[in-house]
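Order of the sequence lines sets the chain letters (A, B, ...), proteins ahead of strands, with each chain counted from 1. No experiment lies behind these values; they were computed from the predicted model shown.
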2 protein chains.
Amino acid sequence: MPSEARSPAAPDSGAPSAAPTAAKTRVVEAALALFAEHGIAGTSLSMIADAIGVTKAAVYHQYPAKDGIVVAVAEAVLAGLEQVVSAAETERSRARAREVLVDGMVDLAVEQRHMAGILQRDPVMLRFLAEHGPFRRVMQRVNRVLMGGAADPAARVLAATLAAAIAGAVVHPLAEGLDDATLRVQLRRRLRRLLPRR
Amino acid sequence: MPSEARSPAAPDSGAPSAAPTAAKTRVVEAALALFAEHGIAGTSLSMIADAIGVTKAAVYHQYPAKDGIVVAVAEAVLAGLEQVVSAAETERSRARAREVLVDGMVDLAVEQRHMAGILQRDPVMLRFLAEHGPFRRVMQRVNRVLMGGAADPAARVLAATLAAAIAGAVVHPLAEGLDDATLRVQLRRRLRRLLPRR
DNA sequence: GTCTATAAATCGATAGAC
DNA sequence: GTCTATCGATTTATAGAC
């Protein structure tokens, strides 16, 4: 079951360990926007500090290293994804689970177009996703549902195509001018055609 | 008409201005591999120099600034794309042109999985594509064919989805273990389903 | 074309005052 | 929680010898 009442001693797997302070939240939000525009490697702590309006030292007081900020951003991005995949996993059929997950991922990606790009496109983030256990577990659950229970090349390519299309389409220049509602509807409809006939 | 016989005084729009020297080629190849792994912002001139086995100064002698290397890499990547889109544009029907372009883009992306990722995913490269005229023109031609002559939201999302799916799927972790032939076949087949019925 | 050496700026990160 | 000030490493880039 998902965490609900916050008992103090809850290990809580790999979730954001505690309620983040306002200062921490400001750092993560600024970092998220800058990561999306310049990439993680292209974003310095000075840039983050300037965006918030404080000095580097103040940022370091919240996160002892840049890696910590990257982890926090990853947690923020993956929190939504974890919720969506959990919902999908409760569906009865695998086909229906995949549809629910795709729709949920589209919603997430469209609502916060920033995040989608970072998550699956930044080389630094990809390394974090591969190395940090909790992140990898979420991605494995996503991939499993997207593959629909199979593991053959066709299923792998389908899952890779779905994930890449969602994350990439919402930040594509051609989608930039579209409003959220239009983009969501069109993208959902288009991706449906990608799924196996039921 | 596309350039054919290389007359010495040909302005040649925005193509790689001359035959690159061997040293220049080494720089571009090393940079391409490093950009793909670490991102452009995450790749320093020292890394490029070390990969070739020379010093930074030697690299600077070939390209007066890091931007120059990025442009050269972009030219190398876009050269293939330009060829594919030119071939597609000679097709009679728009539907057929789109199929040819998608197949060609899949071939390019699979053959050189490095390049695909860089081209449409690196924030620095995206800025170059948007700002440099010659690059933007190629991308416009690609987008026009992918949209199939229309410009409505449905066509835009289709084009964005196709481009994102191709570039993203080939570098997705799930596709990493697949051999080129399998990936190409599966990806072509899957993307066909994305196209409008004819 | 490549090297050594170095300048100038910026990077991530730390110490200590308030 | 934020600041000033600073360290050491690394970055882009240049000068000049070979």
Side-chain angles (χ1 to χ4, degrees), chain A residues 16-76 118 122-128 131-132, chain B residues 16-74 76 118 122-125 127-128 131-132:
Chain A
S17 34
T21 67
K24 271 189 160 68
T25 303
R26 278 197 299 273
V27 170
V28 170
E29 283 175 357
L32 188 53
L34 288 167
F35 287 174
E37 186 175 353
H38 305 283
I40 296 176
T43 300
S44 71
L45 289 178
S46 307
M47 293 164 70
I48 298 175
D50 288 352
I52 310 175
V54 298
T55 61
K56 279 190 298 178
V59 176
Y60 270 103
H61 184 258
Q62 307 299 332
Y63 293 98
K66 192 184 177 183
D67 282 6
I69 303 180
V70 176
V71 171
V73 168
E75 282 171 349
I118 297 172
D122 194 289
V124 178
M125 185 59 77
L126 287 176
R127 192 156 303 179
F128 265 90
E131 289 172 0
H132 276 29
Chain B
S17 36
T21 66
K24 272 189 159 66
T25 304
R26 278 197 299 273
V27 170
V28 170
E29 283 175 357
L32 188 53
L34 288 166
F35 287 174
E37 186 175 353
H38 306 284
I40 296 177
T43 301
S44 71
L45 288 180
S46 307
M47 294 164 69
I48 298 175
D50 288 352
I52 311 175
V54 298
T55 61
K56 283 186 296 179
V59 176
Y60 270 105
H61 184 258
Q62 306 300 333
Y63 293 98
K66 192 184 177 183
D67 282 5
I69 303 181
V70 176
V71 171
V73 168
I118 298 173
D122 195 290
V124 178
M125 184 60 77
R127 190 158 304 181
F128 265 91
E131 288 173 0
H132 279 322

Could you state the atom-to-atom distance from OH of B:Y63 to C1' of D:dT11 in whole Å?
21 Å
OP1 or OP2 of C:dT4 less than 4.0 angstrom from a side-chain nitrogen or oxygen of B:T55, does that happen here?
no
B:V54 vs B:V27 side-chain heavy atoms within contact, under 4.5 Å:
no
Would you say A:T25 and A:E29 make side-chain contact, with heavy atoms under 4.5 Å?
yes
Nearest whole angstrom, please: distance from the P of C:dA13 to the CD1 of A:I48.
11 Å
Kindly assign one of parallel, tilted or perpendicular to the pair B:F128 and B:H132, based on the angle between their ring planes and the thresholds 30° and 60°.
tilted
How many Å lie between CD on A:Q62 and P on C:dA13, as a whole number?
15 Å
Taking protein heavy atoms under 4.0 Å as touching, what does nucleotides 13-18 of chain D look like 5' to 3' if B marks base contact, S marks sugar-phosphate-only contact and - marks none?
BBB---
Is the closest side-chain heavy-atom distance between A:V73 and A:M125 below 4.5 Å?
yes
Can you tell me the distance, in whole Å, between the CD1 atom of A:I52 and the C1' atom of D:dT2?
12 Å
Under 4.0 Å between a side-chain N or O of A:S44 and OP1 or OP2 of C:dT10?
no
Apply salt bridge (Lys or Arg N to Asp or Glu O under 4.0 Å) to A:E37 and list each qualifying residue two or more places apart in sequence or on a separate chain.
B:R127
Of the nucleotides D:dT2, C:dG1, C:dC3, which one has an atom closest to the side chain of A:R26?
D:dT2
Looking only at heavy atoms, what is the nearest atom pair of B:I48 and B:T43, with distance?
CG1-CG2, 3.8 Å
Between C:dA5 atom P and B:H61 atom NE2, what is the distance in whole Å?
20 Å
Output yes when at least one side-chain N/O atom of A:S46 is less than 4.0 Å from OP1 or OP2 of C:dT10, else no.
no
